[in-house]
Amino acid sequence: MVLRESPFPNRLLSGLYSLGQYLLFPSYWAADCLLDLRETTAERQQRRCCRCCPLRALVTGPLLLLLLILSMPGALLGLLLWLPMQVARRPFAYKHNMLSRHPEVWELPGTGKVFSFVSANVCLLPNGLAKNSNLGQMKQRAARIGQCLTQGEASASFASPRSSQFDGEREAGPREISVPFPPDVDFVCLQEVFDQRAGAHLCQLLSPFYEHIVYNVGAYGLQGCCTLKVLSSGLFLASRYPVLAAQYCCYPNGIREDALSAKGLLSVQVQLGAAHGQRIVGYLNCTHLHAPIRCDQLTMGLSWVQLFQDTHAQRGDVVAFDVFCGDFNFDNCSSGGLEQTHEIFRQYQDPCRVGPRQDRPWAIGTSPFLLPCHLAPRPTLLMAPHAPRRTLEQEEGRRTYLAGPILQDGRPDPSAAGSPWEGRRIDYILYREHPTTISLTTEVEKFSFITQLAGCSDHVAVGLRLLLNPVPQ
């Protein structure tokens, strides 16, 4: 089955949907600009250095408020047009780019093959909302993120031998702390690509390298969810391999700030090659969980994954990998987390994990210290884009840059002060094997913590490189 690129079955519906968005945009833009008047730490420092006028909000604020009020009648008309169109809209868009360079088709029986994955929370919200994470300049950050994701051709590969040691004493394992993204990443899974303009820009930047892109994922309006959704799920997937099927499911229990976003699970089936005339396929599942209700969402996610795979599997398929990744919003070092013993860790393997509340010695956190815009700055990954790789190799650097264990109420855990400091690892790439007609062994060749997005995101990106070898008969 070939996926249709447009989320709509015909141009008429697509045109009406676009018209509704055009009518909504002036109000959306004015509201975003009003929220964007709040300064980030970096903007405040830049203003002091340049001696700029601090009264920008007093001058432009009333003008933006007037524009917002004047644009409301058009926005109401646009909303009345936009909401019914959601019934006909498929909950994702798909882009197929015809490239001259294609990945090598894997044929079995034969030699083994390596597949590499990257997962990153990129915090591409509208500027006003991104300020809650002390980030701004969404357009510039989207361009920088796209550049980081695609410049790996000139960078060191996952397979390079430069694995860093923990303080020179602890086992390095398959870990690598890397500044640049690795080259030849096969699958890129992103979270928090909420702004449609940022998603379209990323599509444009990644299109010369990734033939298949699934973006603008989510059910807007009242379609598929219990409450009005004005933001997408934020999920974005780019693949070098053909996408055979895709499915999105919306978590129905979003609360508080997540009630207006369509967070959910994106499941994709890709074709990797052929074995004795049968397909070699892989499954990717990307999600972003909401902190207070993560257990329920993980349980729903597992059931949706199984349903998707049962629906799209064909007799004789050789399943090379089944990956579950994303921002889970919980760690394995804090106390009292029910998620740490969830069923997902019995079905999938976490390369960084030994068991509940115990990670491998080489694993580090992916959640930096993050202060609101109005607080005085302290050293953070957002302010030191060139330092992290060197500093995260040492415990002193991790204590400076990475958030530590927390209690159930969100306060820092005082008992962690005297323990080795790895930080809160809330971004995951899990995998599992499937029984197939051709037995395959799966080996974790490299797990990377990638700091190149420092200054562009409030997370450390993670990468996984899997080596799959056929078992001799």
Side-chain angles (χ1 to χ4, degrees), residues 95-108 110-120 122 144-164 173-190 202-215 236-244 268-274 280-286 320-323 325-326 351 389 427 429-431 440-453 456 460-470:
K95 185 174 178 61
H96 183 198
N97 314 292
M98 300 303 296
L99 304 182
S100 57
R101 178 192 173 194
H102 300 279
E104 182 182 354
V105 176
W106 191 20
E107 294 186 359
L108 291 174
T111 59
K113 192 167 178 63
V114 171
F115 296 97
S116 57
F117 311 83
V118 159
S119 177
V122 291
R144 174 62 179 160
I145 289 167
Q147 180 186 13
C148 292
L149 290 169
T150 56
Q151 71 180 18
E153 298 295 333
S155 303
S157 76
F158 263 113
S160 65
R162 53 187 182 87
S163 296
S164 58
R175 186 201 70 179
E176 177 184 63
I177 297 178
S178 169
V179 173
F181 280 85
D184 296 323
V185 173
D186 297 303
F187 306 99
V188 175
C189 302
L190 304 179
L202 282 179
C203 277
Q204 180 183 4
L205 294 172
L206 269 61
S207 290
F209 304 92
Y210 293 91
E211 190 165 340
H212 308 271
I213 299 177
V214 181
Y215 66 104
F236 180 105
L237 187 144
S239 168
R240 295 187 188 272
Y241 290 86
V243 174
L244 299 177
V268 169
Q269 182 193 59
V270 294
Q271 181 158 7
L272 309 171
I280 304 177
V281 299
Y283 292 102
L284 294 106
N285 307 284
C286 180
F321 57 77
D322 180 355
V323 166
C325 67
R389 178 178 181 266
D427 299 270
I429 305 182
L430 315 179
Y431 72 95
L440 298 171
T441 61
T442 304
E443 176 187 345
V444 176
E445 191 175 270
K446 186 71 67 178
F447 195 96
S448 293
F449 297 89
I450 306 160
T451 65
Q452 194 174 17
L453 296 185
C456 295
V460 175
V462 291
L464 174 66
R465 184 176 172 93
L466 292 179
L467 171 62
L468 288 88
N469 278 313

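Scope of the values below: all heavy atoms of this structure, side chains included, with no hydrogens, waters or symmetry mates. All of these numbers come straight from a predicted model, not from anything done at the bench.
- Residues passing the side-chain hydrogen bond (donor to acceptor under 3.5 Å, both in side chains) test with Tyr210: none are found, sequence neighbours excluded.
- Residue Phe117 comes nearest to Ile429 through the heavy atom pair O-CD1, 4.1 Å, listed as atom of the first residue, atom of the second, then distance.
- Here the side chain of Thr150 pairs no donor or acceptor atom with the backbone of Leu206 at under 3.5 angstrom.
- For His96, the side-chain contact (heavy atoms from CB on, under 4.5 Å) partners at least two apart in sequence or on another chain are Glu5, Tyr94, Met98, Glu211, His212.
- Between Phe321 and the options Phe187, Tyr431, Tyr241, a ring-ring contact (aromatic ring centres under 6.0 Å, His included) holds for only Phe187.
- Counting heavy atoms from C-beta outward, Cys189 and Leu284 have side chains that approach closer than 4.5 Å.
- Between Arg240 and Arg101 the shortest side-chain heavy-atom distance falls below 4.5 Å.
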Between Phe236 and Val122, does a side-chain contact (heavy atoms from CB on, under 4.5 Å) hold up when you go through it step by step? CA-CA 10 Å; Phe236 180 105; Val122 291; over 6 Å; no
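- Contact detail for Leu468 and Ala320: the closest heavy-atom pair is CD2-O, 2.6 Å.
- A 4.5 Å side-chain heavy-atom check between Val444 and Leu466 finds at least one atom pair inside the cut-off.
- Across every non-hydrogen atom of Leu453 and Ala120, the tightest pair is CD1-CB, 4.1 Å.
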side-chain contact (heavy atoms from CB on, under 4.5 Å) evaluation trace for Gln147 with Gln452: CA-CA 10 Å; Gln147 180 186 13; Gln452 194 174 17; over 6 Å; no
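- A distance of 10.5 Å separates CD in Gln204 from CD1 in Ile213, rounded to the nearest 0.5 Å.
- Nearest heavy-atom pair, Gly112 versus Asn469, reported as atom, atom and distance to 0.1 Å: CA-OD1, 3.3 Å.
- Across every non-hydrogen atom of Ser116 and Val185, the tightest pair is OG-CA, 3.1 Å.
- Here Cys456 contributes atom SG and Ile145 contributes atom CD1; the two are 5.0 Å apart, rounded to the nearest 0.5 Å.
- Lys113 NZ to Ile280 CD1: the interatomic distance, rounded to the nearest 0.5 Å, is 9.5 Å.
- Between Ile450 and Val460 the shortest heavy-atom distance is O-CG1, 3.4 Å.
- Under a 3.5 Å cut-off, the side chain of Glu445 and the backbone N or O of Arg465 do not form any donor-acceptor pair.
- Applying the salt bridge (charged side-chain N to carboxylate O under 4.0 Å, His left out) test to Asp322 and every residue at least two apart in sequence or in another chain returns Arg432.
- In this structure, Phe115 CZ and Leu464 CG are separated by 12.5 Å, a value rounded to the nearest 0.5 Å.
- Side-chain atoms of Ser119 do not come within 3.5 Å of backbone N or O of Asp427 as any donor-acceptor pair.
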Take Leu108 and Leu440, measure what side-chain contact (heavy atoms from CB on, under 4.5 Å) needs, and give me the verdict at the end. CA-CA 10 Å; Leu108 291 174; Leu440 298 171; 4.0 Å; yes
Can Tyr215 and Leu202 be said to form a side-chain contact (heavy atoms from CB on, under 4.5 Å), step by step? CA-CA 9 Å; Tyr215 66 104; Leu202 282 179; over 6 Å; no
